[in-house]
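So that the names make sense, note that chain A is the first sequence line, chain B the second, and so on, each numbered from 1.
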2 protein chains.
Amino acid sequence: MTKIPLPGTPVRGSKSGSPIMALLDLLGRRWAMGVLWTLCDGGVATFRQLQERCETISPSVLNARLKELRAAGLVDHNGKGYVATDLGQELYTHLEPMGDWAKKWALTLKD
Amino acid sequence: MTKIPLPGTPVRGSKSGSPIMALLDLLGRRWAMGVLWTLCDGGVATFRQLQERCETISPSVLNARLKELRAAGLVDHNGKGYVATDLGQELYTHLEPMGDWAKKWALTLKD
DNA sequence: TAAAACCGCTACGGCTATCATAGCAATATT
DNA sequence: AATATTGCTATGATAGCCGTAGCGGTTTTA
């Protein structure tokens with residue numbers, strides 16, 4: 001079982017666990033942002049639906065990321081499936097503009 | 001040598017390499033956002049200065065991330081040291097608000 | 001009521017990424 | 001000529017990730 005990075009506990013880049021470093025540690029794991037993105041972008045989803053939406057994620061990693069995101073209060077599981085919490089949605093509003101930025105980025109790289 | 005995720009090439013979560021998935025793959029690597037953050041937040045830095053600022057990053061990983069970020073056009077090296085490009089700075093403007101958000105997040109988790 | 005499908009996972013073995021530490025060749029400084 | 005600084009690279013250990021298979025439980029279908 002992996003250690004879950006939370007503010008106030010030692011994380012990568014900050015022994016005291018500064019909030020931003022804890023966040024970057026949390027999100028800087030394979031599929032962490034992808035799962036949050038997929039969940040916010042597509043709405044409620046069961047474990048297996050999430051798996052499908054992510055196309056190539058393995059269940060063990062999906063499970064690990066979900067545990068972390070839940071512990072961080074970004075994702076929750078109501079009886080029906082996994083959902084982003086208000087906190088998670090709020091973080092997503094910062095993530096979302098990166099979608100448009102990425103398109104521009106793709107064009108820039110063509111030259 | 002690791003494959004560098006760029007839009008248009010197969011990446012995690014998208015075989016066609018959709019821009020956002022390429023970006024999430026690029027940034028979803030250990031220290032990727034941390035390096036960009038540290039560089040933008042603290043200004044130009046030599047390899048070793050970056051290493052110090054990141055506190056616990058190993059030179060091999062720093063080197064790997066720098067290669068990727070340079071290939072992605074987010075970071076560059078002028079004779080003096082490493083710098084974020086205009087593109088990199090622009091992406092950072094989307095990253096930066098997460099700093100404040102993270103502080104709020106830290107408070108929320110205390111309850 | 002029995003079969004089929006779906007639920008959230010977990011186990012496994014193999015590969016890749018990351019880690020900390022040491023050190024090297026080249027240039028700049030003293 | 002010696003020292004310090006530059007950007008890395010080598011190494012060997014550990015942790016993370018991958019794909020596949022499948023389990024025990026609930027819900028839906030025939």
* Under the ring pair (Phe, Tyr, Trp, His ring centres under 6.0 Å) rule, collect the residues that match up with Trp31(A), sequence neighbours excluded. =>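 Partners of Trp31(A) under the ring pair (Phe, Tyr, Trp, His ring centres under 6.0 Å) test: none.
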* Side chain of Pro59(B) only, please: which of dC18(D), dA22(C), dT18(C) is the nearest? =>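 Among the listed nucleotides, the one closest to the side chain of Pro59(B) is dA22(C).
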* Asked: Counting side-chain heavy atoms from CB outward, which of dC17(D), dC9(C), dT10(C) is closest to Arg70(A)?
  ->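 The answer is dC9(C), which lies nearest to the side chain.
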Take atom [atom1] of [X] and atom [atom2] of [N], then tell me their distance rounded to the nearest Å.
{"X": "Leu62(B)", "N": "dT18(C)", "atom1": "CG", "atom2": "P", "answer": "12 Å"}
{"X": "Glu68(A)", "N": "dG16(D)", "atom1": "CD", "atom2": "P", "answer": "9 Å"}
{"X": "Lys3(A)", "N": "dC19(C)", "atom1": "NZ", "atom2": "P", "answer": "13 Å"}
{"X": "Ile57(A)", "N": "dC18(D)", "atom1": "CD1", "atom2": "C1'", "answer": "11 Å"}
{"X": "Lys67(B)", "N": "dT18(C)", "atom1": "NZ", "atom2": "P", "answer": "14 Å"}

* Near DNA chain D, under 4.0 Å by heavy atom, which residues of residues 76-86 of chain B? ->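 When residues 76-86 of chain B is checked for heavy atoms under 4.0 Å from DNA chain D, the hits, listed by number, are His77(B), Tyr82(B).
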Could you name each residue pair satisfying salt bridge (charged side-chain N to carboxylate O under 4.0 Å, His left out) that touches [range], not counting sequence neighbours?
{"range": "residues 83-93 of chain A", "answer": "Glu90(A)-Lys104(B)"}
{"range": "residues 4-30 of chain B", "answer": "Arg12(B)-Asp25(B), Asp25(B)-Arg29(B), Arg29(B)-Glu68(B)"}
{"range": "residues 33-54 of chain B", "answer": "none"}

* Residue pairs passing the ring-ring contact (aromatic ring centres under 6.0 Å, His included) test where at least one lies in residues 51-76 of chain A, sequence neighbours excluded ->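 ring-ring contact (aromatic ring centres under 6.0 Å, His included) check on residues 51-76 of chain A returns no pairs.
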* Residue pairs involving residues 40-60 of chain A (criterion ring-ring contact (aromatic ring centres under 6.0 Å, His included); sequence neighbours excluded) ->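 Checked against ring-ring contact (aromatic ring centres under 6.0 Å, His included) - neighbours excluded - no pair reaches residues 40-60 of chain A.
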* Asked: Is the backbone of Gly34(B) close enough, under 3.5 Å, to the side chain of Thr38(B) for a donor and an acceptor to pair up by distance?
  ->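 Looks like yes, one N/O pair under 3.5 Å.
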* Asked: Is there a donor-acceptor pair closer than 3.5 Å between any side-chain N or O of Lys3(B) and the backbone N or O of Pro10(B)?
  ->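 Here the side-chain-to-backbone pair exists.
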* **Close residues, residues 22-56 of chain B, relative to DNA chain C [heavy-atom separation under 4.0 Å]** =>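 When residues 22-56 of chain B is checked for heavy atoms under 4.0 Å from DNA chain C, the hits, listed by number, are Arg30(B), Trp31(B), Arg48(B), Thr56(B).
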* **Phosphate contact (dG7(D) OP1 or OP2) by Asn63(B) side-chain N/O below 4.0 Å** =>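 Asn63(B) to dG7(D) OP1/OP2: no side-chain N or O under 4.0 Å.
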Can you give each donor-acceptor pair under 3.5 Å made by side-chain atoms of residues 70-80 of chain B, sequence neighbours left out, with the distance rounded to 0.1 Å?
| residue | atom | partner | partner atom | Å |
| --- | --- | --- | --- | --- |
| Arg70(B) | NH1 | Tyr82(B) | OH | 3.4 |
| Asn78(B) | OD1 | Lys80(B) | N | 2.9 |
| Asn78(B) | OD1 | Gly81(B) | N | 3.0 |

